[in-house]
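Structure, as structure tokens:
Below, all heavy atoms of this structure are taken into account, side chains as well, without hydrogens, waters or symmetry copies.
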Amino acid sequence: MAASVAAAAGRLRRAIGRSCPWQRFSTEPHPPHGAAVRDAFLSFFRDRHGHRLVPSASVRPRGDPSLLFVNAGMNQFKPIFLGTVDPRSEMAGFRRVANSQKCVRAGGRHNDLEDVGRDLSHHTFFEMLGNWAFGGEYFKKEACSMAWELLTQVYGIPEDRLWVSYFSGDSKTGLDPDLETRDIWLSLGVPASRVLSFGLQENFWEMGDTGPCGPCTEIHYDLAGGMGPPQLVELWNLVFMQHYREADGSLHLLPQQHVDTGMGLERLVAVLQGKHSTYDTDLFSPLLDAIHQSCRVPPYSGRVGAADEGRIDTAYRVVADHIRTLSVCIADGVSPGMSGAPLVLRRILRRAVRYSTEVLQAPPGFLGNLVPVVVATLIANLVSEDEAAFLASLQRGRRIIDRTVKRLGPSDLFPAEVAWSLSLSGNLGIPLDLVQLMLEEKGVKLDTAGLEQLAQKEAQHRAQQAEAAQEEGLCLDVHALEELHRQGIPTTDDSPKYNYSLRPNGDYEFGLCEAQVLQLYSETGTAVASVGEGQRCGLLLDRTNFYAEQGGQASDRGYLIRTGQQDVLFPVARAQVCGGFILHEAMAPECLQVGDRVQLYVDKAWRMGCMVKHTATHLLNWALRQTLGPTTEQRGSHLNPERLRFDVATQTPLTTEQLRTVESYVQEAVGQDKPVYMEEVPLAHTARIPGLRSLDEVYPDPVRVVSVGVPVAQALAPASQAALQTSVELCCGTHLLSTGAVGDLVIIGDRQLVKGITRLLAITGEQAQQAREVGQSLSQEVEVASERLSRGSRDLLEAHRLSKDIGRLIEFTESAVIPQWQRQEQQTTLKMLQRRANTAIRKLEKSQATEKSQELLKRHSEGPLIVDTVSAQSLSVLVKVVRQLCKQAPSMSVLLLSPQPTGSVLCACQVAQGATPTFTAEAWALAVCSHMGGKAWGSPVIAQGTGHTADLEAALRTARAYALNQL
């Protein structure tokens, strides 16, 4: 399955990335296909203007928690705009690039989900064609000229159909009009009447609340073409990043200017194919045809609003758009789930299910059959599984809505509590926007105020349960980084972090690192010449042996001293990398100045813990591939000295046997004490090595390769199969020099984050050994419980004790730090034992009830009542005795009391079948238990309760008197 996803993703990337020689479209006899439009864009910028073509990034954002999905072409280049790009990476060398980026705009700041289907242009997935110039490679004049040339000369769009807009300025922020861009368009021949100016909202682009931003110029296409008033649609947006928005809202000029352009492929294809709707292009027509062939509705006709009777065309557009989004996202590793981007994808899938079944009358499995042939069968299966699961919820939700609406008055609002119970946050998993849409179709309004209150309560509840966020550390912004470059301060040499060796006795020796303070920062991030006593500060050094947090490995910690002053320690809490500079966060016990010489000491125990966990992580990754197959993909990891976390792409949770097998592979590699080889090699040498492990990250060049048991040169040889047989990964982390120091590895937890991704938690060394010892002890206790159960017992108290002991073992097993495979194994065994124990208790209770009921019948052979005391070890037994009596003597009403050693009195009763309607068991039990100062509960036929009394005879008299009065 994983191979299918990888293959599908590769074909998708090739489809978006291929190119052909640019040519003028107007010479072609037929409208261009969508693929040819994309090819022409890429070829134009590559062949005519020297741009480097880069692949589309995954729609899963890489290292950007602010995004649910990649929603613009510029996302993957944010490190360049922010100045944080690794100077050794390939991206650091980008000057002018172009690509076609897969984008998803659903959820978050840019969200088109609600508009899809309502009109003819919105999509949740689209391709964004773009070209970029970094660091002033070119700017406004060149960007406008290239865009105009491509649109008018290559695509052959008539110049009189194009309008442009520019930034009109903003007096509040002090931003001047972008007259430079206006004049460029005029010089290119655009008439002044088609050059329009707009303000901040339309023609000033911002990355977010803070960060690079700047004026933009938009190119619009006139759909009317001179036939009446202009009907303008935006075609291309050219952003000129020249400002930086600070946290306080102020704007400053960027040290380096960038060009960022974006043009939607779907809209461009519609223009070139002469269509007024993107859904009428060849990018969508095959899907719409496939929908029609599978559904019992008329063909798609492009209607909207009131003209779209039955919302059939709306449903066509929703399903066509959503299946594209689902296919691309799943191919890129985002599966429907319960939080974040997976939750949004789940909403998209459920919207598609609802429209396809309720409007298009599609058969079950319909959506899976729509998945394009270039997408692997796995994706079709995922879609079909969730479609079937949600269909039952949707049908039930529809019935609940219909039933609730019938009870509403003409002006009543639909109850917020009911809507919430239907939602993804409630019971049925129907997105709230879908609930609201279903109500709108019935002309019913939702209690949105009440819904907002429920949402706030839910948010507060989650906030209370969430872990406290870590204190935000110091960081270098784009201005600080540019100032460092201006001053000629070199990036930090952090190669000494690899300067350690293994002694013959097995201990590691970490080399001393001497460095010079190049820059100091106050706690607020301001560059200062010195820091004083008690100040928290940031230090930039010319070199360091501290590992800065990256690649999932926690930062080193330790201390530094001024050279020659051994008795004053400057504690270093963490180190982080910012654009190639390593910023150390420290507390200054004394004055420290720029230019001071220092010596750095890492916390050896902390570093060793990280090294053990990181090497163990590589072994775990390799073991998972050995167990689950070579296409198994890592989806993230994090480690510190305490434990490691590893996310892996799996369609189903790992079985008990698979978990056990993974551990055995790691144990074998650890037991062999294999050497760990590390070497820096050119990134290009790693491109085609079968089985080489790498993540969806930007790697430096040269890149560090970590190989277990096989020298790096041998592992990377052209004909080598080593990476298929052992752990070989691209990795900048710190590692053991041999695997033996891992000691042991135990997977202590696994859970599915979302469908398709499993998170494993693991520990190593002594912790792992302790976990195995606890697991072994637990196994022995489970075995003892099994033997006790097998021996059987005629004593009900003993049976209850055994059941409680098994319950305690179940609770302990759930929380104990033991091997996860053993937890799963013991949980299965304990649940089986619990069922057997409960069965044994029921049999003993039934046997006792039969025996006691026989005795009571002998004493009460006549009359309408049996009111008496009996010895019973539990309320359950007492109820069984009452039932047995009434079964054998259906004309009798029975109430029994059972005094307990604790001083309480149990009560159970049942009224005869022919009793008057006013004589109910619940009222009878309540009268007696109230007399005893207790409580009762039950039904009109049978009830039970408890109380406390030293005078049982008085309680029995009360029971007889009440019953006789009712009878």
Side-chain angles (χ1 to χ4, degrees), residues 62-63 79 84-93 490-502 508 510-511 513 543-556 575-582 602 607-608 610-622 634 636-639 644 646 669 674-718 720 722-723 726-739 741-742:
R62 182 169 54 194
T84 59
V85 63
D86 188 330
R88 298 171 299 168
S89 68
E90 181 184 35
M91 186 180 289
T491 54
T492 310
D493 173 16
D494 63 347
S495 59
K497 68 187 178 188
Y498 301 125
N499 183 18
Y500 53 90
S501 58
L502 181 59
Y508 278 77
F510 297 91
C513 180
R543 59 202 307 266
T544 184
N545 58 350
F546 275 65
Y547 183 85
E549 182 162 355
Q550 57 186 317
Q553 179 177 331
S555 160
D556 275 339
Q576 58 176 312
V577 61
C578 307
F581 295 94
I582 306 297
V602 298
R607 166 67 80 83
M608 273 300 300
C610 288
M611 288 165 54
V612 166
K613 294 300 187 295
H614 208 149
T615 301
T617 300
H618 282 216
L619 293 176
L620 177 59
N621 192 2
W622 164 75
Q634 177 180 346
S637 66
H638 188 270
L639 63 97
L644 66 88
F646 191 91
K674 293 183 176 182
V676 180
Y677 299 95
M678 290 162 276
E679 186 178 329
E680 283 194 345
V681 300
L683 187 61
H685 290 184
T686 69
R688 290 185 173 84
I689 304 303
L692 179 68
R693 264 69 110 205
S694 63
L695 295 175
D696 183 22
E697 294 181 359
V698 176
Y699 288 97
D701 192 3
V703 67
R704 193 169 177 84
V705 178
V706 179
S707 175
V708 176
V710 179
V712 172
Q714 180 180 335
L716 299 185
S720 174
T726 188
S727 172
V728 183
E729 298 193 30
L730 306 183
C731 180
C732 299
T734 57
H735 285 269
L736 298 171
L737 300 178
S738 63
T739 61
V742 172

**Complete:** Closest heavy-atom pair, Ala722 versus Val710, reported as atoms and distance to 0.1 Å, is CB-CG1, 4.0 Å
**Item:** Check against side chain to side chain contact (heavy atoms under 4.5 Å, CB included), His638 and Glu549
**Value:** CA-CA 10 Å; His638 188 270; Glu549 182 162 355; 3.6 Å; yes
**Fill in**
Of all heavy-atom pairs linking Thr491 and Phe581, the shortest is CA-CE2, 3.7 Å
**Request:** Under the salt bridge (charged side-chain N to carboxylate O under 4.0 Å, His left out) rule, collect the residues that match up with Asp494, sequence neighbours excluded.
**Result:** Lys497
**Item:** salt bridge (charged side-chain N to carboxylate O under 4.0 Å, His left out) involving Arg543 - partner list, sequence neighbours excluded
**Value:** none
**Item:** Exam field: side chain Ser727 to backbone Leu619, donor-acceptor pair closer than 3.5 Å
**Value:** no
**Message:** Under the rule for side-chain hydrogen bond (donor to acceptor under 3.5 Å, both in side chains), what residues qualify as partners of Thr544, not counting sequence neighbours?
**Reply:** His584
**Request:** Ignoring hydrogens and angles, tell me if any N or O in the side chain of Thr726 forms a donor-acceptor pair with the backbone of Val708 under 3.5 Å.
**Result:** yes
**Item:** OG1-CZ distance between Thr617 and Phe646, expressed to the nearest 0.5 angstrom
**Value:** 7.5 Å
**Request:** Begin with the C-alpha distance, continue with both residues' side-chain angles, and end with the deciding distance and a verdict on side chain to side chain contact (heavy atoms under 4.5 Å, CB included) for His614 and Leu639.
**Result:** CA-CA 7 Å; His614 208 149; Leu639 63 97; 3.6 Å; yes
**Request:** Please name the pair of heavy atoms, one in Asp556 and one in Arg607, separated by the smallest distance, quoted to 0.1 Å.
**Result:** OD2-NH2, 2.7 Å
**Item:** Separation between CG of Asn499 and OG of Ser501, rounded to the nearest 0.5 Å
**Value:** 7.5 Å
**Request:** Report the distance from atom CZ of Arg704 to atom CZ of Arg88, rounding to the nearest 0.5 Å.
**Result:** 10.0 Å
**Message:** Checking Ala741 now: which residues fulfil side-chain contact (heavy atoms from CB on, under 4.5 Å) with it, not counting sequence neighbours?
**Reply:** Leu736
**Request:** Give, for atom NE2 of His618 and atom SG of Cys731, the distance between the pair rounded to the nearest 0.5 Å.
**Result:** 3.5 Å
**Asked** Closest approach of Cys610 and Gln553, non-hydrogen atoms and distance?
**Response** CB-NE2, 3.8 Å
**Message:** Is it the case that the side chain of Ser720 and the backbone of Gln714 share a donor-acceptor pair, with hydrogens and angles ignored and the cut-off at 3.5 Å?
**Reply:** yes
**Prompt:** Are the side chain of Asp86 and the backbone N or O of Pro700 linked by a donor-acceptor pair below 3.5 Å?
**Reply:** no
**Message:** Looking at every non-hydrogen atom in both residues, tell me the closest pair between Trp622 and Ala669 and how far apart they are.
**Reply:** CZ3-CB, 4.2 Å
**Item:** Side-chain heavy-atom pair His735, Glu729 within 4.5 angstrom cut-off
**Value:** no
**Message:** My understanding is that only residues two or more places apart in sequence, or in another chain, count here; which of them pass side-chain contact (heavy atoms from CB on, under 4.5 Å) with Leu737?
**Reply:** Tyr500, Leu502, Tyr508, Met678
**Fill in**
Residue set satisfying side-chain contact (heavy atoms from CB on, under 4.5 Å) with Val712, at least two apart, ordered chain then number -> Tyr677, Glu679, Val681, Val705, Ser707, Leu716
**Item:** Minimum heavy-atom distance between Val577 and Gly580, given as atom pair plus value
**Value:** CG2-N, 3.9 Å
**Asked** Does the side chain of Met608 reach to within under 4.5 Å of the side chain of Phe510, using non-hydrogen atoms?
**Response** yes
